[in-house]
Amino acid sequence: MLESATDFIRQQIDRELAAVVGPSAVVTRFPPEPNGYLHIGHAKSICLNFGVAEEYGGRTYLRFDDTNPLAESLEYVKAIQQDVAWLGFDWGDRLTFASDYFERLHQCAVKLIENGNAYVCSLSQEEIRQTRGTLTEPGVDSPHRNRSVRDNLDLFARMKAGEFPDGAHVLRARIDMASPNLNMRDPVLYRIRHAAHHNVGDAWVIYPTYDFTHCICDALENVTHSLCTLEFEDHRPLYDWVLDNLSLNARPRQIEFSRLGLEHTVMSKRLLQRLVSEGLVEGWDDPRMPTLAGLRRRGVRPQAIRDFCSRVGVTKQDNQVAMELLEFCVRRDLEETAPKGMGVVNPLRVRLANYPGDGEALEAPWHPRRPDLGRRSLPFGPVLHIDREDFAVMPPPKWKRLSPGAHVRLRYAYIIRCDEVVTGANGEVAELICSYLPNSKSGSDASGVKPAGVIHWVAAHAAKPAKLRLYERLFKERSPSGADFMASVNHSSLAIASGLVEPALATSREAHFQFERVGYFHRDPKLPNTYNRTVTLRDSWRPPSGGQPS
RNA sequence: UGGGGUGUCGCCAAGCGGUAAGGCACCGGGUUUUGAUCCCGGCACACGCAGGUUCGAAUCCUGCCACCCCAGCCA
């Protein structure tokens, strides 16, 4: 049916569809719990669920798995919707909440009780834990396991009515306390929680657990393929057991795939939370965070994230994807779409001794290969700023930048030569006295001089000061270990430079730019006059000795 | 020592009995007014290990080994 099945899940769907006679539909769902921000690992799941449905002409639900009122809030519900939409996926009118189904879930629970498949257990949480057994030893039956249906119904009704405090009773599935699968040892289906719920308020004091809820919601929404991560593999027998013991029309199947692992970062909510609470980052949307909010603020576009997800693939293998792949996708996307201007990170003053007048307006395209992006005016003048990295008093071999006596092309402007180096009090280069070649203007060069290279610059009289936030990896190690991951935090992952940008860039309505020869930058949506470095440009220049290239 | 999974190039990942795709990274070369982009070329006699079946095995069988997940009234 499909010319190229790209992963084991799509292959399975292909096989299923090939065996089906009548019409068939593929229905998936992305089911986040609204208890935190989405990260790039979620993006993998979102791309999979929405992608599969789209490819097979099906549909996808955005369903909030909100069965634990203690952890969830409306703030996250909103943020998650924003992130999914930002990625470019449309759930149409299929925005649902597990809590929308609380009434029907309750009916299902009553049905299980009536059929002898569930019972009210009055053991304490501690007692349940102690009687569950271990990995190698079976558990022991609850003393309440054989309560009569009538008693169970009565107790469950009173639980629902709010007669008991939290923890007094739970509803348990009656399966097998000796099962080698711990999830099947009479798992809890409902617990008492006197807590307000972000969606249904205080309508309920008993809340269903994930295992009971998820499969039923899938069935109610006619989900055909319930795609989740590997740690739920052991839950599949329970998922199936619940549905087997209810008579719902649909029969969804759970398929598990591996989570995304990314080098130099962590993906667990707990660890990310620590970074935020301990002030190692400036919030959930800090551009160093792997959250979608962080990536967005950093300047990563959804197209790049989608490309990344498709390149990473979907398998059951544990994986740790190189950060280089994400960076590749980001550059690839921005290279085509971002206007290219000039920004200087560490300004070094350059005075053109032979330049007459106050200055002139040059012109340049926003993108050499994208004339549709237009052109901008580029002020030039007698005093300029170049990047300090582009000048060397004693240049290493094959130096293609400025140095005493050397010629260099100022991008889209003139060729200059460094005639004199003015040194400051503490021996540092304070200023460069240069001369320019009047007949070397970009586009009409008649100088015949072949410069060593091309460097970027801004005119002192027109440049706008800007804070440039330069980010590096949040973790020094590729795999920050869970235990001492704090020790591998890169405390110099943010450097703030006082730079200069060309005026057209500062007034542009665009948000993403390439600063030529420096990197891709994104105007920060919160901080004024600030640009976040999304990613550097690739740099294959390696100094023969121990130089300091950009 | 219970159950469930996974092992193919540094990192991802195709392959599904017929003699190892692709991407990233890396290494060469070309183009270039970004040491960028782009283009060309190189990069696993080898598929966790050991046996076996077969004319033929990464693919089938057996046995080992390694790693991941599970003992929440979290999801």
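Letters go in sequence order (proteins before strands), and every chain restarts at 1.
The nucleotide rG28(B) finds its pairing partner in rC40(B), both defining distances of the Watson-Crick or G-U wobble pair being shorter than 3.5 Å.
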message: Would Arg473(A) and Glu327(A) count as a salt bridge (Lys or Arg N to Asp or Glu O under 4.0 Å) here? Give the steps.
response: CA-CA 11 Å; Arg473(A) 284 151 189 184; Glu327(A) 293 171 344; 3.0 Å; yes

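When distances run from any side-chain atom of Asn181(A) to the nucleotides rG35(B), rU33(B), rG3(B), the shortest one goes to rG3(B). With rC70(B), rU6(B), rC12(B) as the candidates, the nucleotide lying closest to the side chain of Lys316(A) is rU6(B). In this structure, the nucleotide among rU34(B), rA36(B), rC12(B) sitting nearest to the side chain of Ser540(A) is rA36(B). The side chain of Glu324(A) sits closest to rC24(B) out of rC24(B), rC70(B), rA75(B). Proximity note for Arg409(A) (side chain, C-beta onward) versus rG7(B), rG3(B), rU33(B): the nearest is rU33(B). Counting only heavy atoms from C-beta on, Asn319(A) has its side chain closest to rA13(B) among rA36(B), rG5(B), rA13(B).
For the OP1/OP2 pair of rA75(B) and a distance below 4.0 Å, the side-chain nitrogens and oxygens of Thr209(A) include no atom meeting the criterion. Taking only side-chain nitrogens and oxygens, Arg478(A) never comes nearer than 4.0 Å to OP1 or OP2 of rC12(B).
Between Phe380(A) and Tyr436(A), the ring-plane angle classifies as tilted under the 30° and 60° cut-offs. Using bins of under 30°, 30° to 60° and over 60° for the plane-to-plane angle, the ring pair His214(A)/Tyr210(A) lands in the tilted bin.
Looking at heavy-atom distances under 4.0 Å, Tyr412(A) makes contact with a base. Within 4.0 Å of His235(A), counting heavy atoms only, lies at least one base atom of the nucleic acid.
The glycosidic torsion of rG51(B) lies more than 90° away from 0, placing the base in the anti range.
One donor-acceptor pair, N or O on each side, does fall under 3.5 Å between the base of rU34(B) and the side chain of Gln514(A). The base of rU33(B) is paired with the side chain of Ser442(A) by a donor and an acceptor separated by under 3.5 Å. The base of rG35(B) is not paired with the side chain of Arg517(A) by any donor and acceptor separated by under 3.5 Å.
For the pair Lys340(A) and Trp366(A), the cation-pi test (distance below 6.0 Å, angle within 45°) is failed.
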